[in-house]
Student: 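Encoded as structure tokens, here's the structure I'll be asking about.
Owing to the predicted nature of the structure, the values given are computational and were not obtained by experimental measurement. To find a chain, count down the sequence lines: A is the first, B the second, and so on, and within it residues start at 1.
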Protein chains: 2
Amino acid sequence: MARSMHVRRPATLASLAAELGVSRTTVSNAYNRPDQLSPELRRRVLETARRLGYPGPDPVARSLRTRKAGAVGLLLTENLSYAFRDPAAIGFLEGLALACEDAGTGLLLVPANPEREDVAAVHRAGVDGFVVYSVPDDDPHLAAVLERPVPTVVCDQPDLGNVDRVGIDDQAAMHALAQHLISLGHRRVGVVCMRLARDRNDDFVTPERQQAAHFHVQRSRLAGLAQAFASVGVDWATVPVAERFDHTMASGASAAAQVLERDPHITALICTSDILALGAMAELQRRGLRVPADITVTGFDGIREAEQAGLTTVRQPVLEKGRAAGKLLLDSAERTRPRAVTLSTELVEGTTAAPPRGTAEERWFGP
Amino acid sequence: MARSMHVRRPATLASLAAELGVSRTTVSNAYNRPDQLSPELRRRVLETARRLGYPGPDPVARSLRTRKAGAVGLLLTENLSYAFRDPAAIGFLEGLALACEDAGTGLLLVPANPEREDVAAVHRAGVDGFVVYSVPDDDPHLAAVLERPVPTVVCDQPDLGNVDRVGIDDQAAMHALAQHLISLGHRRVGVVCMRLARDRNDDFVTPERQQAAHFHVQRSRLAGLAQAFASVGVDWATVPVAERFDHTMASGASAAAQVLERDPHITALICTSDILALGAMAELQRRGLRVPADITVTGFDGIREAEQAGLTTVRQPVLEKGRAAGKLLLDSAERTRPRAVTLSTELVEGTTAAPPRGTAEERWFGP
DNA sequence: AATTGGTTCTGAACCGTTACGGTCACTTCA
DNA sequence: TGAAGTGACCGTAACGGTTCAGAACCAATT
């Protein structure tokens, strides 16, 4: 009588079966294998479900039994919200989302606060696999992911041995950009780069720190630069390289200022991302320096904003990167691991790079 | 002996307990309640776990038992990937992500293909709650979400009765914008709006379709316009309103063209989103029309690109909207449901709205 | 009449964990 | 010396499903 007055525990598959006088199997089949029971009974099951307010099989219980979560996890270096501020990250996300929806899979953004070492979120994530996007190679979250017994694809990471990987050849791409500048005549340059490790160092970077950088992407790009310029006789140790923890235009601006203060005579400012480059350009403009007449500026990524600004940069297929990562993860079939996808990049000759002052005339009268 | 030669089923909490000769409870406590067992035993447990390759408690099993998934689901109208293309949606996502990371909660993007009526993804999502962002009020995915026995917050939706809600007063905001145009002297206007229902109708919209629109946001904005203009004697039924299914600049351009073809004498083109407005402006420019000298254009949302273009529009706090939705969902404590948050908007007087041709002179010599 | 095949439904095992309410040995205190 | 308290650990019962090997039944075939 009064039993339904109280909290009334939510209906379950079992209670539904009891109500109907059938087995749990049958109710389960009503939802998952309609061909396994008579249409008539199925109708009764569904109707009774509606009457009892049974919302259908519990997804978590189902996942436990089937060992499928129907979702992949995404681990980012940054705060979750950062991903929606960086155009390159957004592009990656779009590509990954594309792959996910193709497969009908959910995409779980795992809240991994880089400040705290709290790895619990990685442990709590009910997913069938992970995509790890550009985290430092000593990140505890990455370690936690690799301990999980699920397939993983890393993106913009060094070769981890037996993990699938997606990325570009950052070193070669940056080397090509450097060659371009070198052929324009630049020898005295400054560099602005993103964070190289988990600790904040908004300052110049020693060559040691460059080589020991925990962010594979940044390390490779700097290595590409160093190699190219060293090969034309530039002593890389004397090149000012300013690091910034936060990836913002403001960082690019302040880093540019710092580099110029150290060496006002550089003819080119090489930035390891477009965002930093755009910030640097703003600072240069503020100082009354014309780009590229007075100084050359380059970026990396090929985001839309850079294109609009005519930035000379390296375009990388961020969307394709996300999609490739998703596909790799979801095509888990007959995998000959580890697999690696290296996407190609393209040097974009914008309007922010030109021969250094004075060189133009030389070329006028050249051979 | 040879037992470990074979597939070796992955270690579980139980097998670990057996190996150690302790109860499962104790192993569980080693992970979840370190104070419940001696440090010495805990050390042994963890060490044995490492030795056996036990990755820690299975998240899905844990979720089943604790009735907590540690994630919230996000349901969007569009393909998942679309969310990363629309600046307003990105802002919303950023805000939502912010709220999630504050709470240490994951964010699951649910793949709800609007084309197909496949609601399975909603059923499969292991989440503690849902945020529903701007879907048509008759969307089966929305219905599926509401059937799930988890808290839900809808965003940019009509009042659903007993569901938490976040939004703005679209009608009032658009009414204010209309008043602004009216005060400038505009009486003959055209409208470009986003999709009004789940079916594609890239054409003009009848007043009936406007009123029956399934997208609350669009319906409200059109209602605000209709009300404002009707109050100054404009027969709304004669106003050309062009609808576009896809929310792109290209849509805005083609819709603008369609409206102008219908009535070349309109003095203002009102768009229900900035994206559409930017597309419309591109089309107007292509036709050699100057904005605002020859024609006034307005948008809605207040995205960054609109600001750069000097668009006259209504700015709404998209990030705050996302954050509010997340907070509402996650502060499930002592809730006096249903709760509703209505955020405020701001009329942005850009440089794309001016008095209609000829009116300027009148004002020069005005009273 | 026995065999075969097909459909419909069932029983029991299993997925891996945590919540709950203990037990038990060992202090501590009066 | 007995009562009460404390720390460490355990047993059982869920949590809500899916799955697989049959059972029961009936019609058709041999």
Student: Which part of the nucleic acid does A:T26 contact within heavy-atom distance under 4.0 Å: base, sugar-phosphate only, or nothing?
Tutor: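 Base: the residue A:T26, judged by heavy atoms under 4.0 Å, touches a nucleobase.
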Student: Give the C-alpha distance, both sets of side-chain angles, the deciding distance and a yes or no for salt bridge (charged side-chain N to carboxylate O under 4.0 Å, His left out) between A:E47 and A:R50.
Tutor: CA-CA 5 Å; A:E47 184 195 302; A:R50 192 158 34 248; 6.0 Å; no
Student: Within the 4.0 Å heavy-atom criterion, would you say A:V60 contacts the bases, only the backbone, or no part of the nucleic acid?
Tutor: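 Touches nothing.
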Student: In whole Å, I'd like the distance from the CG atom of A:L64 to the P atom of D:dT18.
Tutor: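 Distance, rounded to whole Å: 11 Å.
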Student: Does a nitrogen or oxygen in the side chain of A:Y54 sit under 4.0 Å from OP1 or OP2 of D:dG17?
Tutor: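 Answer yes for this pair, as a side-chain N or O of A:Y54 is under 4.0 Å from OP1 or OP2.
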Student: Would you kindly give the CZ-to-C1' distance between A:R124 and C:dG16, to the nearest whole Å?
Tutor: 18 Å
Student: Quick check on D:dG16: is either OP1 or OP2 less than 4.0 Å from any side-chain nitrogen or oxygen of A:T12?
Tutor: no
Student: Considering the options B:V163, B:V122, B:V135, which one meets the side chain to side chain contact (heavy atoms under 4.5 Å, CB included) requirement together with B:L142?
Tutor: B:V135
Student: Please state whether the base of C:dT17 and the side chain of B:R24 form at least one donor-acceptor pair under 3.5 Å?
Tutor: yes
Student: If you take any heavy atom closer than 4.0 Å to DNA chain C, which residues from residues 34-45 of chain B end up in contact?
Tutor: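 Result for residues 34-45 of chain B: none.
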Student: For B:R67 and A:S28, find the nucleotide of DNA chain D closest to each by heavy atoms; which residue's nucleotide sits nearer the 5' end?
Tutor: B:R67
Student: Quick one: sort the A:F92 and A:Y133 rings into parallel, tilted or perpendicular, breaks at 30° and 60°.
Tutor: parallel
Student: Any donor-acceptor pair under 3.5 Å between the side chain of B:R65 and the base of C:dT17?
Tutor: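 In this structure, the two groups form no donor-acceptor pair.
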Student: Taking atom types as they are modelled, is there a donor-acceptor pair under 3.5 Å from the base of C:dG11 to the side chain of A:T25?
Tutor: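 Yes.
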Student: Tell me whether the side-chain N/O atoms of B:R62 come closer than 4.0 Å to OP1 or OP2 in C:dT18.
Tutor: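 Yes, B:R62 has a side-chain N/O under 4.0 Å of OP1/OP2 on C:dT18.
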Student: Considering the terminal five base pairs at each end of the helix from C:dA1-D:dT30 to C:dA30-D:dT1, what angle separates the two local helix axes, rounded to 10°?
Tutor: 50°
Student: Assign A:N32 to base, sugar-phosphate, or nothing according to its heavy-atom contacts below 4.0 angstrom with the strands shown.
Tutor: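 Sugar-phosphate, no base atom in range.
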Student: To the side chain of A:D58, which of C:dT10, D:dG17, D:dG11 is closest?
Tutor: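 When the side chain of A:D58 is considered, D:dG17 is the closest of C:dT10, D:dG17, D:dG11.
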